[in-house]
Every structure is written in structure tokens, then in C-alpha cells.
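Okay, so here's the structure we're looking at.
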Amino acid sequence: MKLIDVSVPLDANLPTYPGNTPYSLEAVKRIARGDSSNVSTLHLSAHSGTHVDAPCHFFDGAPGAEALPLEMLVGRARVIEITSRKGVGADELAGAHLSEDVRVLIKTSNSRLWGSAEFHADYTGVTESGAKYLLEHGIKVVGVDYLSVEEFRKSGAPAHHVLLGAGIIVIEGLNLRDVDPGVYEMFCLPLALVGCDGAPARVVLRRS
Ligand SMILES: [Zn+2]
């Protein structure tokens, strides 16, 4: 069984969304220092690397990461490729011919930004028209290939509000660089962080 890992490694090369806690490992115990074992403490944002947004990310009192329905995060997913760098809008999505798709992963030039520890503010995000298009076409899970579904510092965060407000699950931080467009089986399992606004996840695809 061949799995394609579309999650990004958590290491020093991981870019950090401005204002979020940079990822690091703190050595609490080290065998090399005379301890009996190696034990680390993690420092990270709930939105580090590949992660799923919980509804309470943008809606106070809404469910946290532990309530994300895993049934929705496992199953048939379509990878589409959008080459426009001006944002993923309704026009761009119309060309992808989504039909009968519940889960869509949007591959853009963003996937080529991974490996650079610098945060690239000019990444491609989903516009308000794109978010509404996904909602109107019955999409329940949308995945994007950089640290936010939103265009950088977009006033009012319309994509998050449209998607999370409609109960659509947003997966961010996928690396789709080596994935061809097409239909896959997706396995996305976010950590059950109770009450948390997001949760890191390992995401793999299997050709279906
Ligand atoms: Zn997020």
C-alpha cells in the first residue's frame, strides 16, 4: 500500500504565520547529558504546519478541535490544481469541474514554498467568491497548501467566516507538490485538543 504523505515536517524549516508561536523542541531530558531518557517539550501554535481549523477559530463558543468529525476527514478527496496566483476565486474553481466531490484539496504554487523557513506573505489564498463557490457546490472539507486558507491579512477574514460558518472543515498547510490532480482516498487525523481552535494533523493520500 503506497501512501503519499502530504503533511509538512515539523522542524526548523517550518515557516511561522506572523504572530503565531514558532515551532521548537525543548530538551527537557537528554541521555547525552546524563539523563535516563530523551524527553522533549513541544512549543508550537495550534496552527503550526499541517493542521485543521476548528469552528471556534473564528466563532467564540463554537466546537473545538476534539469535535471535528473524523468521518468527514477520511474518504474520497479530489486534488485540483489552480495555477492563477491572484487568489482562488469562483472563476478559478469553475474550471476545476467539481461534481459529486465532498472533499477538495487545492494545489497551487504555494506547495513550492515549503522547505523555506521564511514566511511568504504573497501566498495564494481562497477569496470570498471562492469560499462561497465551495459552499454552494456542496464541499464539506477544503484543503489548502499554505498556512492559511485566507489571503494574507484580508480584512474581515471572509474565507474563514464563510467556510467555518457553514460547518466546512478547513485543512491548512498541506504539501501537494508531488501530488498529481485526481481522486484519492484521504486520511486526515487531527489531534483531539479539547476546546482548541486548531489541531496539527498527519494527512496522507492513497491513489484510489
Ligand atoms: Zn489554521
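Each ligand, and each atom within it, is numbered from 1 in the order the structure gives. Quick note: residue numbers are just sequence positions, from 1. What you see below is based on every heavy atom in this structure, not just the backbone, and it leaves out hydrogens, waters and symmetry mates.
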For atom CD of Glu26, decide whether the heavy atoms of other residues, nucleotides or ligands shown that lie under 6.0 angstrom number more than 12.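 Counting neighbours around CD of Glu26, more than 12 heavy atoms of other residues, nucleotides or ligands fall under 6.0 Å, so yes.
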Just wondering, are more than 12 heavy atoms of other shown residues or ligands nearer than 6.0 Å to CZ in Arg85?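 Check fails, neighbour count at 12 or below.
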For the ring-ring contact (aromatic ring centres under 6.0 Å, His included) test, which of Phe152, Tyr123, Tyr17 pairs with Tyr146?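 Checked Phe152, Tyr123, Tyr17 against Tyr146; only one passes ring-ring contact (aromatic ring centres under 6.0 Å, His included): Tyr123.
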Need one value: angle at the Zn ion (ligand 1), Glu172 atom OE1 versus His51 atom NE2, rounded to 10 degrees.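 Between OE1 of Glu172 and NE2 of His51, the angle at the Zn ion (ligand 1) is about 80°.
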Any Glu150 side-chain heavy atom under 4.5 Å of Pro158 side chain: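 With C-beta onward as the side chain, the pair touches.
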So which N/O/S atom does His47 have closest to the Zn ion (ligand 1)?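 Output for this pair reads ND1.
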For the Zn ion (ligand 1), the closest N/O/S atom belonging to Asp53: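 Among the N, O or S atoms of Asp53, the one closest to the Zn ion (ligand 1) is OD1.
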